[in-house]
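Below is one structure, written out as structure tokens; the observations come after it.
Every value quoted in this text rests on a predicted model; they were computed, and no experiment measured them. Convention: sequence-line order gives letters A, B, ...; per-chain numbering from 1.
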Amino acid sequence: MQEKFYFELQKVDKKTGARAGILHTPHGKIVTPVYMPVGTQATVKGILPEQLKSVNAQIILSNAYHLYLRPGHHVVAEAGGLHTFMGWDRPILTDSGGFQVFSLAKLNKIQDEGVYFQSHIDGSKHFFTPEKVMEIENALGADIIMQFDECSAYGSDFAYARKALERTSIWLERCARAHTNENQALFPIVQGNFYRELRLKSLEYALQYAKYGIGIGGLSVGEPKAKMYEMLEILQPHLPQNIPHYLMGVGTPDCLLEGVARGIDMFDCVYATRIARNGTALTSSGKVVVRNGQYKNDFSPLDESCNCICCKNYTKAYLRHLLNTGEILAATLLSIHNIYFLTKLMQDTRKAILEDRFVEFANHFAKQMNLAMTTKFDVI
RNA sequence: GGGAAGUUUCCAGAGUGGCCAAAUGGAUCAGACUGUAAAUCUGACGUCUCCGACUUCAGUAGUUCGAAUCUACUACUUCCCA
């Protein structure tokens, strides 16, 4: 396994600690920092694997909870695993369902032993334990699998946050013990809500099992961005250099840069594809709500400087028309563009880090996009 | 030529004396979206000096304390019979 999965750190930005590296997996290399598109139900909504490749997606995310419910992890295993099942031969990471414990909270009952789930599809009852989740993730066969964790809500009090983190720690130990598939790298997840002490405690425990990489969870759950950055800064000095650092569920272009500036190597987020389906595009000059009336007669591309299929071939007026008429193609084209935009951002970021000009690059980009950045950068 | 029904705010369409600036769809306009229960959700949608005021429900004239709602006539639309 060590031969198949390891992280090669190439460069660390002296000013910020931003990193560039290469993550080797059984399904190929991933250059970092990397944005990972989310394909919860074994599909990045609206996009073909071929198109994902054309947009330079190196690795995608899927989800144990959702695939367990439908079609059932055994079906995926029978198909030959997730890669074969969905026709994607590059790396895959599966989330454990820990986030669904959080986002589907009304349907769950959390106990130390595990979580009683009520299916959001048909109300049927299920019991998830760390062991069960490992069985599912092992069957799915992703390259990277996340531990089963409990993501506590923003606003949780100290006592509850500590309880959730202790549970996460115990579950980690159980996940590690139950994990049998040698072709998969298990990532622990740091929790601890927004309490410095708990974050550090969680990290300390997680590091015992962070052989291949580490996830940082429980952030970007409704808190102000500054709060999230503060938590990352608490962790940054203590994160081992020889493994990738994965910030779960982030994010927007500004959050990506802010994350990189705090030592993050991997990101995933629904944002790009969701806002695409809802008619918004990320462009080098800021967010563009293509659905809006002002683009009715705008026959220019979404982003003049973009090389994606969407920008090379279609105009804003056409995209608006597709959105306006409810055509599926709108979702596809905008998703392609938005993913390309973020993968390109990470490529450019990586290049800048390797060339010792990360802060300058980030400043320039943020200014162009009119982003509000923190004191890590000059553009505030 | 004769008879019947109808005309409501962008469209469709409720409303048949006060609780009506007028239900509900749609269209339109705008906003939100961060490990996906999201091709979803939210708001606006007569005018204004917008916690209040004003002008509306084909037109005109009436009845009434009060009319989109009742009466008369006019105009237009649709259907049926010749």
Same-atom distance (C1') from B:rU55 to B:rA12, integer angstrom: 25 Å
With sequence neighbours left out, the residues meeting side chain to side chain contact (heavy atoms under 4.5 Å, CB included) with A:I234 are A:R196, A:L200, A:M231
Applying a 4.0 Å non-hydrogen cut-off, can you work out what A:N278 is touching in the nucleic acid: base, sugar-phosphate, or nothing? base
Going by salt bridge (Lys or Arg N to Asp or Glu O under 4.0 Å), name the residues that satisfy it together with A:D13, two or more places apart in sequence or in a different chain. none
Within the structure shown, what part of the strands sits under 4.0 Å from A:Q191 by heavy-atom distance: base, sugar-phosphate, or nothing? base
Using the heavy-atom set of chain A and a strict 4.0 Å cut-off, write down the first and last nucleotide of RNA chain B that makes it in, 5' to 3'. B:rU28 to B:rU40
Nearest-Å distance once atom C1' is located in both B:rC45 and B:rA30: 11 Å
Assign A:I189 to base, sugar-phosphate, or nothing according to its heavy-atom contacts below 4.0 angstrom with the strands shown. base
Given A:K351 and A:E355, is the salt bridge (charged side-chain N to carboxylate O under 4.0 Å, His left out) satisfied, shown in steps? CA-CA 6 Å; A:K351 193 155 179 281; A:E355 293 170 0; 3.5 Å; yes
Name the residue closer to the 5' end of RNA chain B, choosing between A:E150 and A:Q294 according to the nucleotide with the nearest heavy atom. A:Q294
Find out whether A:F365 and A:D348 are in side-chain contact, i.e. whether some heavy atom of one side chain is under 4.5 Å from a heavy atom of the other. no
For A:G293 and A:K287, find the nucleotide of RNA chain B closest to each by heavy atoms; which residue's nucleotide sits nearer the 5' end? A:G293
Got A:D265 and A:F7 here, is their nearest side-chain heavy-atom distance under 4.5 Å? yes
With a 6.0 Å cut-off on the ring centroids, do A:H321 and A:Y314 count as close? no
What integer number of Å spans the P atoms of B:rG3 and B:rA72? 16 Å
Which one is paired to B:rC29, where only Watson-Crick or G-U wobble pairs with both distances under 3.5 angstrom count? B:rG43
Just to be sure I understand the rule, does A:K296 reach a base, reach only the sugar-phosphate, or reach nothing, if contact means heavy atoms closer than 4.0 Å? nothing
Is the closest side-chain donor-acceptor distance between A:H179 and A:Q147 under 3.5 Å? no
Roughly how many Å apart are B:rG15 and B:rC70, using the C1' atom of each and rounding to a whole number? 16 Å
NA contact type, A:I328, heavy-atom cut-off 4.0 Å: base, sugar-phosphate, or nothing? base
May I ask which nucleotide in the shown strands pairs with B:rC65, Watson-Crick or G-U wobble, both distances under 3.5 Å? B:rG18
Note, A:Q191 side chain near A:R167 side chain (heavy atom, < 4.5 Å): no
Quote, to the nearest angstrom, the C1' distance that separates B:rC65 from B:rG46. 27 Å
Hey, does A:N324 reach any base, or is it just sugar-phosphate, or nothing, if we go heavy atoms under 4.0 Å? sugar-phosphate
Using a heavy-atom cut-off of 4.0 Å across all strands, would you classify A:E327 as base, sugar-phosphate, or nothing? nothing
Determine the Euclidean distance between corresponding C1' atoms of B:rA68 and B:rU8; express it in Å to zero decimal places. 7 Å
At under 4.0 Å between heavy atoms, what does A:G218 touch on the DNA or RNA strands: base, sugar-phosphate, or nothing? base
When you compare B:rU78 with B:rG66, how far apart are their C1' atoms, in angstrom units rounded to a whole number? 34 Å
Would you mind pulling out the nucleotide paired to B:rU78, Watson-Crick or G-U wobble, both distances under 3.5 Å? B:rA4
Atom P, compared across B:rG62 and B:rA27: separation rounded to whole Å: 44 Å
Using a heavy-atom cut-off of 4.0 Å across all strands, would you classify A:N63 as base, sugar-phosphate, or nothing? sugar-phosphate
With distance as the sole criterion, is a donor-acceptor pair present between the side chains of A:D268 and A:Y246 under 3.5 Å? yes
For B:rA23, which nucleotide in any strand shown is its Watson-Crick or wobble partner with both distances under 3.5 Å? none
So what does A:F99 touch, heavy atoms closer than 4.0 Å: a base, only the sugar-phosphate, or nothing? base
Across every strand shown, the nucleotide meeting Watson-Crick or G-U wobble geometry with B:rA38 (both distances under 3.5 Å) is none
